Amino acid sequence: MTQHFIVIGNPIAHSKSPQIHTLFAAQVGIDIRYQRQYCPDDEASFTAVIEAFFCGGGVGANVTVPFKQVAYDCCVARGGLSEHAKVAGAVNTLLLNKALLNQGVPVTEAIYGDNTDGQGLVNHMTSLKWPLKGARVALIGAGGAARGIILPLIESGIAALTIANRTVSKATNLVNELSAASPTVNEQQIETCRTAELDGQFDIIINATSIGLSDDTLPISTELNCHYAYDLMYGRPLPFLQHFAARGAQTSDGYGMLIGQAALSFERWTGHRIDVIQATEELNKE
Ligand code: NDP
């Protein structure tokens with residue numbers, strides 16, 4: 001039987017998720033239909049779309065910009081949230097809470113939210129054999145993406161974390177909020193600073209800002225060095241990665257994170273594990 005999935009966003013035409021999930025389904029030999037779903041940018045429309053989708057027999061949905069926080073609010077009031085979604089304050093994966101359905105709760109009240117973005121990043125770095133355990137990590141950015149990465153990074157066993165942001169108060173507030181929400185984050189020593197003031201030697205530096213979408217460049221100190229540099233952006237030349245590659249660092253853009261988060265969503269929905277390295281090779285050929 002064909003299983004139905006959607007990705008909901010605005011805009012949505014650019015989304016690569018249908019291509020990625022169709023390839024996953026072929027890899028594990030199941031029949032799926034995965035479509036892009038445009039939605040007007042308001043909460044009532046989002047709720048109407050997901051209710052219609054799940055009541056119509058849909059199995060799972062991905063959520064992208066600008067609905068990740070709306071999806072979070074929706075699930076708080078309905079089928080619940082995973083620990084990663086709670087701490088991230090955002091949902092990128094929707095499914096039905098089977099335990100609630102078995103208790104007779106209606107479909108619309110059983111919609112459950114997870115967040116696989118941060119674990120997708122960690123899994124990608126692990127597949128690249130970047131040594132996360134014991135690593136000194138600098139994370140630049142304090143927006144939605146940074147927020148979703150912090151708990152999975154700490155769970156991966158890093159030794160120290162510094163969060164740098166253009167607006168340093170946003171980084172400090174983020175750390176305070178996440179420490180209150182998660183004992184795991186609370187136990188980790190986290191420093192914060194202004195991006196321009198970030199310096200010294202790190203094992204891994206991650207750019208989780210949206211600067212790649214603009215013509216600006218990050219103010220990077222000449223005293224800042226790393227062995228590995230990761231940029232969450234993909235699909236265009238990234239000055240951040242060029243800067244650290246010229247200084248001898250290994251680099252990666254965020255395409256593997258995109259595939260990694262998709263693989264985790266697919267596994268939550270279908271129970272099938274994806275060979276992400278093989279899938280990435282195939283997608284790069286397309
Ligand atoms: P947000 O808008 O929530 O946050 C933007 C962040 O970038 C803030 O920290 C902001 O700093 C900083 N920033 C923006 N412009 C500048 C600038 N000119 N100079 C310095 N800092 C700047 O965005 P998200 O967190 O949602 O997304 C960040 C990036 O991550 C995007 O490029 C997105 O595409 C990518 N992403 C990739 C994913 C993947 O799977 N590969 C998944 C999710 C996101 P300030 O607080 O001072 O404004």
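Residues: numbered from 1 along the sequence shown. These numbers were taken from a predicted model, which means no experiment stands behind them. Indexing begins at 1, ligand by ligand and atom by atom, following the structure's order.
Remark: aromatic rings of F24 and H21 are close, center separation under 6.0 Å.
Ligand 1 has an N or O atom lying under 3.5 Å from an N or O atom of R166, backbone or side chain. The shortest N or O to N or O distance between G144 and ligand 1 is under 3.5 Å. Looking at G141 next to ligand 1, no N or O pair under 3.5 Å apart turns up. The N/O atoms of L213, backbone and side chain alike, include none that comes under 3.5 Å of an N/O atom in ligand 1. Residue T167 places at least one N or O, backbone or side chain, under 3.5 Å from an N or O of ligand 1. Remark: ligand 1 and A145 share an N or O pair separated by less than 3.5 Å (distance only, no angle test). The distance criterion of under 3.5 Å between nitrogen or oxygen atoms is not met by K68 with respect to ligand 1.
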Quick one, D253 with R236, criterion salt bridge (Lys or Arg N to Asp or Glu O under 4.0 Å). Give me CA distance, side-chain angles, the key distance, then yes/no. CA-CA 9 Å; D253 71 11; R236 62 180 72 199; over 6 Å; no

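Under 4.0 angstrom from ligand 1, the non-hydrogen atoms of D216 all belong to its side chain. Contact annotation for Y255 and ligand 1: no heavy atom of the residue comes within less than 4.0 Å of the ligand.
Between W130 and Y230, the two ring planes are perpendicular [angle over 60°; tilted spans 30° to 60°].
The closest side-chain heavy-atom distance from F240 to I140 is below 4.5 Å.
Remark: E109 CD is packed, more than 12 non-hydrogen atoms of other residues, nucleotides or ligands lying under 6.0 Å away.
Distance from atom 23 (O) of ligand 1 to its nearest protein heavy atom, with residue and atom name: S210 CB, 4.3 Å. For atom 9 (O) of ligand 1, the nearest protein heavy atom (residue, atom name, distance) is N165 OD1, 2.7 Å.
A donor-acceptor distance shorter than 3.5 angstrom exists from the side chain of N173 to the backbone of S169, with no hydrogens or angles considered.
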